[in-house]
Amino acid sequence: MSILIKGANIINEGKRLENASILIEGEQIACIYTSGDELPTADRVIEAKGLLCLPGVIDDQVHFREPGLTHKGDIASESRAAILGGVTSYMEMPNTMPQTITLEAWKDKMEIAKKSSFANYSFYFGATNDNASLLTQVDRKHTPGVKVFMGASTGNMLVDHDDALRAIFRDSPLLIATHCESEEVIQRNKAKVIAEVGNDPEVKWHPVIRSAEACYESSLKASQLAKEAGAKLHILHLSTAKELELLDESQHITGEVCVHHLWFTDQDYERLGTRIKWNPAVKTLQDREALREAVRCGKLNIIATDHAPHLLSEKEGGALTAASGGPLVQHSLLMMLELADQGVFSIERVVECMCHNPADLFEVEQRGYIREGYFADLVLIDPNKPWTVSKDNIASKCGWSPLEGYTFEHSVVSTFVNGTEVVKDGAVVADLPKVARPLTFNHKEWR
């Protein structure tokens, strides 16, 4: 079937094309038409006047909880939430049960996604203190990178042996993505807080325990290891102003910022409590403003979610007992478009950081842009139709969001994955065939 998206305002590659049209044939974008061009006939025409058309979002950091933690979420439920939010491709993390730290476990995840994912999928290979010898055997064509937890994680995937870290940075043929928080600093801060306020500190102490110092010390160590080994390092979920000085694209050291670190500050703990408890912690207004400025000026080039659902019952407690993480993949694009409306970023910059740059950094093949010959991963946005987050429209299995009650000025109208409209009029298409594909990567030699 051929589809003509007619008369949209396309945001792509730093430009806005008013009243432009896109012809989809099969899975791919066949042609892009500007205003005044003669349009072809098509099997189906979608009138898109007044709508924004963006490339589908590529989220380079999600936790979809399958296998082993499926009471919180699974690949089907969370990828369904993703497409409702205009996210058409994702890179999922290895701290499941079992952990994705063997070649067999990685293949098992790929098989689950083949049967159940609504969005295009890929899975990181998890590094441990003991599995560096497997890194050269990883499927380079279908693996985005190697994940290293330089801080505690679900399933205790902490890599804390210096010899193991050096081996990983030396031997990995792929980009190394890190969670950077110094366990030594965290434990020292924890002891001080307990001595001051007792064994059950409130959540407001979370950014004191998992402090800016903890983040910086670990990120500094990762950057030093990368320079020493000539490795390609991507520091995930940067949360502090000081860490920004470590980024250096000329030495293959890049960073990601998550939507919650661009949206919330530590002043929001009083209002939202553990619903905004993440690792790394949401920190000060000064940190948030530094991160925003780094996005604006191009120091930070990738925006993602770290989508990590937990049941609300698991979020009960305080700084030391409540689970860290929350669901955001359904709302990340709308959050960034809202900030663009507020003048924080340009909408062109949002598209660069959520679509183009993840495709470029991870060398994703034929995705992330609206280009002829590329896969038709697209999202249509109505900029004049407000949409309020409520329990009734949250698709994540956990059933809650820190954004409940918030009204966005934009809404997602349609999402296309590989040329198929998987979301129509803001709802997942009934009896949807499985059209998602594994992401493929053209990893070049960079050492």
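Residues: numbered from 1 along the sequence shown. All figures in this text were calculated on a predicted structure; none of them were measured in a lab.
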- Item | Parallel, tilted or perpendicular, as decided by the 30° and 60° cut-offs, for the rings of H331 and F408 | parallel
- Task: Decide, yes or no, whether a salt bridge links K107 with E104 under the criterion of side-chain N to carboxylate O below 4.0 Å.
- Result: no
- Query: Considering the options H234, H356, H142, H443, which one meets the ring pair (Phe, Tyr, Trp, His ring centres under 6.0 Å) requirement together with F362?
  - Reply: H234
- Within 45° of the six-membered ring axis of F345 and under 6.0 Å from that ring's centre, is NZ or CZ of R349 located there? no
- Message: Tell me whether K141 forms a cation-pi arrangement with F441, defined as NZ or CZ under 6.0 Å from the six-membered ring centre and within 45 degrees of its axis.
- Response: no
- Has K434 got more than 12 heavy atoms of other residues, nucleotides or ligands less than 6.0 Å from its NZ? yes
- Qualifying residue, where the test is side chain to side chain donor-acceptor pair (under 3.5 Å) with R65 and the options are H307, H71, H310, E92: H310
- Query: Does R288 CZ have over 12 foreign heavy atoms under 6.0 Å away?
  - Reply: yes
- Message: Does the plane of the ring in F149 sit parallel, tilted or perpendicular to the ring in H179? Use 30° and 60° as the thresholds.
- Response: tilted
- Are side-chain N/O atoms of E249 and N301 paired as donor and acceptor at under 3.5 Å? yes
- Could you tell me whether the side chain of Y121 reaches within less than 4.5 Å of the side chain of M110, counting heavy atoms only? yes
- Item | Axial cation check for F123 ring with K109, 6.0 Å and 45° limits | no
- Item | Donor-acceptor side-chain pairing of D130 and H161 below 3.5 angstrom | no
- Item | Crowding at CD, E184 (>12 non-hydrogen neighbours, <6.0 Å) | no
- Spacing of L54 atom CG and L378 atom CG [to the nearest 0.5 Å]: 9.0 Å
- Message: Could you check whether atom CZ of R437 has more than 12 heavy atoms from other residues, nucleotides or ligands sitting under 6.0 Å from it?
- Response: no
- Message: Quick one, V146 and L135 - any side-chain contact, counting heavy atoms below 4.5 Å?
- Response: yes
